[in-house]
Amino acid sequence: MNVENITSSFIKSIYKAAASLYRTDPWKRLRPDHLFGLRVGKDSDWSGKKQPFPCIQFIGGDGGDLALYMFRSENDARKMMGSRETIRVPNVEVMRATYELESLMFPSHKKMIKSLSLESSGADRFPVLDVCRCNSSGELQCRNPTIEELRFMYAVMKAVSLVHPLLQQDQDGPKWSKFVHFEPFIETVDVQWVAEMSKGNDLVAVTVSHPPGQGYTEKVNSSAGSTPTKLSELTKEEAFFDVGSAGSLRQCARCEKEVSGEHVTYCDHCQGIIYCGPLCQKQHWKESHKGNCGLYKAMMEREDELAINVFTFPCSNEHPCKWLETLGNGVHRKGMWRRRCPCYSHCPFGLLPTTDKLSDSWGGLDDDEYPHDSLLNHPRNGILNSNPILLSGWPEYYNLRSLPLSSPVADILSHPLTVYYILTSLSITSKNLLLKGKEVILHYIGPEDELDWMPAFAEISHILNGMGNVQIVMVGPGVPTNLSGSTSGIGSRVRVNIVRGVYQEEAPFLPPPHVVIGLNCGFENYSSWIGGLELIKSKGIPAFFTDQLPIPLRPIHFVLR
């Protein structure tokens with residue numbers, strides 16, 4: 001890479017993305033015969049109005065160099081496909097990210113690594129990025145990637161590190177083969193551009209598919225970097241199986257009568273609300289839906305974008321107790337999980353009996369199934385710097401914490417890690433304060449279940465990685481009187497103050513916040529939100545809220561995006 005033509009911050013961002021991909025260790029399962037299709041943003045985002053390298057494969061799973069190869073077409077990839085490495089084919093261009101030992105690198109690369117203090121990807125391995133073409137005589141000619149090609153590679157590496165752990169093994173694949181065969185797969189994730197790559201857009205949608213060639217098209221009126229939309233629905237065999245909704249009955253939005261799929265009546269305008277029949281539909285429109293229909297329509301138009309397939313637990317609001325019995329060794333009526341079913345509804349929020357033992361808080365899950373009371377800044381996790389860890393999704397978090405993907409802890413951690421993601425990725429003010437080692441004051445509105453999940457909120461302290469502090473002021477009418485005014489430290493860098501009351505009435509007496517957050521707010525159900533929102537708007541305070549979509553939409557599990 002020519003340092004003179006590319007800024008050092010650009011190179012550092014590329015290397016960090018490469019290191020993050022390496023740490024997910026895709027070579028454990030992925031081989032050259034696993035081809036993946038790619039789509040980064042829209043065709044119009046790229047010169048020539050087409051995707052630069054829409055097909056990738058991983059090299060070196062059975063020996064040889066460890067590398068990510070990107071091809072101009074699937075046809076080029078198949079021409080060069082070998083059992084371990086690629087076959088040299090004249091006039092076929094490939095962009096590579098090869099992870100090499102420092103001892104084998106050219107002096108110019110070593111000089112660049114030393115001058116920029118670039119982090120290693122793994123055990124003394126650094127990425128070498130280039131674009132190669134084999135000439136007619138069999139000689140390999142390499143060049144530095146262009147800035148546009150590096151932007152494309154950055155987005156691909158960030159996305160692939162998130163989605164490849166989601167691949168499901170095809171149980172019907174050849175039993176005689178030593179290779180893993182995967183079921184058809186397609187997933188779109190949002191990748192956040194770093195400042196020097198953004199070109200005016202903070203996020204870009206990256207679609208990864210296996211095998212390549214899944215049908216996607218663009219929305220004509222979409223903005224640059226927007227999510228592609230499906231051209232055709234996946235077949236039954238290709239679709240994700242959502243065990244939470246398969247075969248379940250749904251309820252009429254007005255009378256709550258259970259209705260099966262063939263008897264469902266949808267709202268004609270938004271298609272986001274269901275009824276048992278036209279009578280309930282008309283009555284509900286007059287009573288309340290008329291004022292909310294536009295919101296639901298907007299949600300439905302973004303259904304693909306809002307759907308989160310990272311973790312789909314077999315959880316049902318109708319049978320939470322049965323679900324909890326299936327987790328681990330059975331976590332029903334244990335630890336923090338007691339707030340996930342009606343069995344302890346008689347106990348006020350924040351007053352569940354507790355012990356000091358962390359494993360008890362997680363309901364007796366096995367030691368390797370929950371995050372321990374320790375920082376992530378450890379060579380085992382590949383974290384060797386003192387900055388807060390910027391997480392972009394559950395797969396990355398699970399990998400850093402060495403948790404099995406079967407662990408259910410994301411169901412509870414979604415609250416604290418959404419808070420962490422807002423502080424470190426969405427709110428510029430709080431992110432800058434944390435990077436400078438200062439304190440961020442956060443007003444957390446409407447806590448309920450969270451009051452019994454303090455051990456989970458301690459994870460914010462752990463992944464701050466030794467930088468900055470967070471003061472969380474939890475304010476809401478659900479706070480018990482005997483907890484109001486209490487302060488507790490959870491972890492070394494997070495302090496929680498608990499206040500009972502309605503936010504707009506208590507806010508004048510609280511320390512001024514840098515950011516306000518409310519999760520799963522239920523705006524439609526509580527009129528008291530109006531005054532709080534008006535106060536926040538009048539003060540110009542950065543605020544972030546999440547809510548849940550009604551039946552029949554899949555609930556938004558507010559996880560890291």
Side-chain angles (χ1 to χ4, degrees), residues 1-22 38 40-41 45-60 64-73 76-77 80 85-122 124-161 191 193-199 204 206:
M1 218 184 299
N2 193 334
V3 181
E4 285 74 24
N5 292 337
I6 303 174
T7 64
S8 60
S9 58
F10 195 108
I11 296 175
K12 287 181 179 179
S13 295
I14 291 287
Y15 265 69
K16 287 181 178 179
S20 177
L21 174 62
Y22 186 95
L38 295 171
V40 179
D45 296 335
W46 309 101
S47 60
K49 306 303 179 184
K50 65 178 182 179
Q51 304 284 318
F53 294 92
C55 188
I56 65 169
Q57 65 180 172
F58 287 82
I59 303 298
D65 292 336
L66 296 180
L68 169 68
Y69 280 15
M70 309 180 64
F71 300 92
R72 298 285 188 188
S73 68
D76 284 350
M80 301 182 68
E85 306 295 334
T86 54
I87 303 168
R88 293 192 179 187
V89 178
N91 301 317
V92 173
E93 195 169 55
V94 58
M95 183 160 65
R96 310 184 302 179
T98 305
Y99 295 88
E100 296 185 4
L101 294 171
E102 185 177 0
S103 59
L104 302 178
M105 298 176 69
F106 291 116
S108 58
H109 281 114
K110 291 182 180 180
K111 182 178 179 181
M112 179 187 70
I113 289 170
K114 185 176 181 180
S115 64
L116 297 179
S117 301
L118 296 174
E119 62 177 300
S120 62
S121 298
D124 195 31
R125 284 188 181 266
F126 292 85
V128 175
L129 312 178
D130 56 22
V131 179
C132 296
R133 179 190 293 269
C134 181
N135 61 23
S136 56
S137 62
E139 296 177 348
L140 203 60
Q141 299 175 333
C142 299
R143 64 172 175 84
N144 293 321
T146 65
I147 292 180
E148 181 179 76
E149 288 168 340
L150 288 173
R151 286 181 79 245
F152 191 86
M153 179 179 282
Y154 171 87
V156 169
M157 289 191 295
K158 294 292 287 185
V160 171
S161 65
V191 170
W193 291 119
V194 290
E196 61 273 11
M197 299 183 189
S198 64
K199 290 192 173 182
V204 63
V206 183

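Considering only heavy atoms from C-beta on, Leu21 comes within 4.5 Å of Val160 through its side chain. At least one side-chain heavy atom of Phe10 sits under 4.5 Å from a side-chain heavy atom of Arg151. Within the 4.5 Å cutoff, the side chain of Ile56 has heavy atoms near those of the Leu38 side chain. Under the 4.5 Å side-chain criterion, counting only non-hydrogen atoms from C-beta, Arg133 is not in contact with Cys142.
One distance of note links CH2 of Trp193 with OH of Tyr154; it measures 8.0 Å at 0.5 Å rounding. In this structure, the separation between OH on Tyr15 and CE on Met157 is 10.0 Å, given to the nearest 0.5 Å. The CZ atom of Phe71 sits 10.0 Å away from the CZ atom of Phe53 when rounded to the nearest 0.5 Å. Of the inter-residue distances, the one linking Leu129 atom CG with Leu150 atom CG reads 6.5 Å to the nearest 0.5 angstrom. Note that CD1 of Ile14 is 7.5 Å distant from CE of Met153, once rounded to the nearest 0.5 Å. Taking CG of Leu66 as the start and OG1 of Thr98 as the end, the distance is 9.5 Å to the nearest 0.5 Å.
Closest heavy-atom contact between Ala159 and Val206: CB-CG1, 3.4 Å. Nearest approach of Asp45 to Val40, heavy atoms of both residues: OD2-O, 4.4 Å. When all heavy atoms are compared, the tightest approach of Gly41 to Gln51 is O-NE2, 3.9 Å.
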Decide side-chain contact (heavy atoms from CB on, under 4.5 Å) for Met70 and Cys55; before the verdict, give the C-alpha distance in whole Å, the side-chain angles of both, and the deciding distance to 0.1 Å.
-> CA-CA 6 Å; Met70 309 180 64; Cys55 188; over 6 Å; no

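Tyr22 places no side-chain N or O within 3.5 Å of a backbone atom of Ala17 that could act as its donor or acceptor partner. Put simply, the side chain of Glu93 never gets that close to the backbone of Cys132: no donor and acceptor are under 3.5 Å apart. Put simply, the side chain of Gln141 never gets that close to the backbone of Cys134: no donor and acceptor are under 3.5 Å apart.
A salt bridge between Arg72 and Glu149 is present, with a side-chain N of the basic residue lying under 4.0 Å from a carboxylate O of the acidic one.
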